[in-house]
Undergrad: 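One structure, as structure tokens, below. Some questions next.
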Amino acid sequence: MKNIRHHFIAVLLLLTAFGSQAQAQGSKVAMILSTDNPQVAGMALHMAWGMKRMSGANVTVVLGAGSVKFALKKGDSPMFSPKKKNLRALIQDVLDQGAKVYVCGLCAYAQKVGQDDLVKGVNIQSGDVIMPLLADPGVKVISF
């Protein structure tokens, strides 16, 4: 729980730091999730939704490693208790705001996950798409 609070405080500080500037500057944010902890992933997805909705930032969420399972259209979807929503619903909220949600291609391959296994709107992307995004000096990268 203490770790979740630290992540939450850090993200709130980040949002405060670029909040009003994001819209004016067309801010870009890449949020990388590799955690399999549903509460940490839920907080990250909620923050991605908020950055897109409240600041107009261009947000891309990349799900890798343990987070890939949260984008599966079948099976259990853990609850993010503060919002009383499951993670599949939070991913849909992020997509509905116009953010992009990708699954790391290598992670999908390693976990035998195909495009048809994923929630509509979530796309498997290779390093050819993800790496330039992360290397772009104009993109704020946040990792969970």
Side-chain angles (χ1 to χ4, degrees), residues 1-19 21-22 26-144:
M1 193 63 165
K2 187 176 182 181
N3 193 20
I4 292 173
R5 283 190 202 122
H6 287 137
H7 279 293
F8 185 72
I9 291 168
V11 172
L12 284 178
L13 290 173
L14 179 67
L15 285 172
T16 302
F18 84 85
Q21 297 172 353
S27 185
K28 298 180 201 172
V29 177
M31 188 166 289
I32 312 302
L33 278 72
S34 60
T35 184
D36 64 354
N37 181 313
Q39 296 307 307
V40 174
M43 183 179 56
L45 290 166
H46 181 66
M47 294 299 165
W49 170 85
M51 281 186 266
K52 181 67 180 163
R53 182 174 179 266
M54 295 175 193
S55 71
N58 181 354
V59 177
T60 302
V61 176
V62 180
L63 304 172
S67 291
V68 171
K69 66 184 176 185
F70 300 136
L72 298 175
K73 61 183 169 187
K74 292 186 179 175
D76 291 336
S77 183
M79 291 297 289
F80 176 57
S81 51
K83 292 295 287 179
K84 296 182 176 39
K85 286 188 171 189
N86 67 40
L87 293 180
R88 199 175 293 129
L90 290 176
I91 289 171
Q92 190 60 56
D93 288 348
V94 170
L95 291 166
D96 289 347
Q97 282 301 318
K100 296 175 187 155
V101 179
Y102 297 151
V103 166
C104 162
L106 287 175
C107 298
Y109 177 77
Q111 296 178 43
K112 297 179 174 68
V113 170
Q115 186 63 51
D116 291 340
D117 298 318
L118 300 173
V119 171
K120 184 179 179 181
V122 176
N123 294 299
I124 295 174
Q125 290 293 348
S126 69
D128 294 344
V129 172
I130 296 170
M131 297 305 177
L133 175 70
L134 301 179
D136 183 338
V139 175
K140 291 172 177 51
V141 179
I142 304 168
S143 179
F144 285 86

Undergrad: Evaluate the side-chain proximity of Leu72 to Val119: yes if any heavy-atom separation is below 4.5 Å, no if none is.
TA: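 Of all side-chain heavy-atom pairs linking Leu72 with Val119, none is under 4.5 Å.
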Undergrad: Minimum heavy-atom separation for Pro132 to Gly127, with atom names?
TA: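 Nearest pair, atom of Pro132 first, then Gly127: CD-O, 3.4 Å.
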Undergrad: Just grab all the salt bridge (Lys or Arg N to Asp or Glu O under 4.0 Å) pairs involving residues 62-79, residues at least two apart or on different chains.
TA: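 For residues 62-79: none.
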Undergrad: Between Asp117 and Gly114 (side chain of the first, backbone of the second, donor and acceptor by atom type, cut-off under 3.5 Å), is there such a pair?
TA: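 The answer is yes, because a donor-acceptor pair under 3.5 Å joins these two groups.
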Undergrad: Taking the side chain as every heavy atom from C-beta outward, state whether Pro38 and Met79 have any atom pair closer than 4.5 Å.
TA: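 A side-chain contact under 4.5 Å is absent here.
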Undergrad: Below 4.5 Å, heavy atoms only, C-beta onward: do Gln39 and Pro82 meet side chain to side chain?
TA: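 Counting from C-beta outward, Gln39 and Pro82 do come under 4.5 Å.
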Undergrad: Could you grab the distance from atom SG of Cys107 to atom OH of Tyr102, nearest 0.5 Å is fine?
TA: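 Answer for the SG-OH pair, Cys107 versus Tyr102, is 15.5 Å.
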Undergrad: Applying the side-chain contact (heavy atoms from CB on, under 4.5 Å) test to Phe80, which of Leu87, Val40, Asn86 qualifies?
TA: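 Of all the options given, the one that passes is Leu87.
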Undergrad: Checking Ser67 side chain against Thr35 main chain: does a donor-acceptor pair fall under 3.5 Å?
TA: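 Confirmed, Ser67 side chain pairs with Thr35 backbone.
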Undergrad: Do the side chains of Val29 and Asn58 get nearer than 4.5 Å, heavy atoms only?
TA: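 No, side chains not in contact.
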Undergrad: State the CD1-CD1 distance between Ile142 and Ile32, to the nearest 0.5 angstrom.
TA: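 So the gap between those two atoms works out to 9.5 Å.
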Undergrad: Scan for salt bridge (Lys or Arg N to Asp or Glu O under 4.0 Å) pairs involving residues 91-112, sequence neighbours excluded, and state none if there are none.
TA: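 Listed by first then second residue: Lys85-Asp93.
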Undergrad: Just verifying a value: how many Å separate Ile91 CD1 and Leu63 CG, rounded to the nearest 0.5 Å?
TA: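 These two atoms lie 5.5 Å from each other.
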Undergrad: Do any N or O atoms from the side chain of Gln125 and from the backbone of Cys104 form a donor-acceptor pair under 3.5 angstrom?
TA: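 Not a single qualifying donor-acceptor pair exists.
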Undergrad: Answer yes or no: are there more than 12 heavy-atom neighbours, outside Leu134 itself, under 6.0 Å from its atom CG?
TA: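 Buried by this count: over 12 neighbours within 6.0 Å.
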Undergrad: Could you go step by step and tell me if Met47 and Met31 meet the side-chain contact (heavy atoms from CB on, under 4.5 Å) rule?
TA: CA-CA 9 Å; Met47 294 299 165; Met31 188 166 289; 4.3 Å; yes
Undergrad: Measure the CG-CG distance between Asn123 and Leu95 for me, rounded to the nearest 0.5 Å.
TA: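 CG of Leu95 is found 8.5 Å from CG of Asn123.
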Undergrad: When you measure from the side chain of Arg88 to the backbone of Phe70, do you find a donor-acceptor pair of N or O atoms at a distance under 3.5 Å?
TA: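 Between the backbone of Phe70 and the side chain of Arg88 there is no qualifying donor-acceptor contact (under 3.5 Å).
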Undergrad: Does the pair Val103 and Val122 meet the rule for a side-chain contact (heavy atoms from CB on, under 4.5 Å), with working shown?
TA: CA-CA 7 Å; Val103 166; Val122 176; 3.7 Å; yes
Undergrad: Closer than 3.5 angstrom, by distance alone: can the side chain of Gln115 be matched with the main-chain N or O of Ile124 as a donor-acceptor pair?
TA: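 Such a contact is found between Gln115 side chain and Ile124 backbone.
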Undergrad: For the pair Gln97 (side chain) and Ala48 (backbone), establish whether a donor and an acceptor sit closer than 3.5 Å, ignoring hydrogens and angles.
TA: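 No: the side chain of Gln97 does not pair with the backbone of Ala48.
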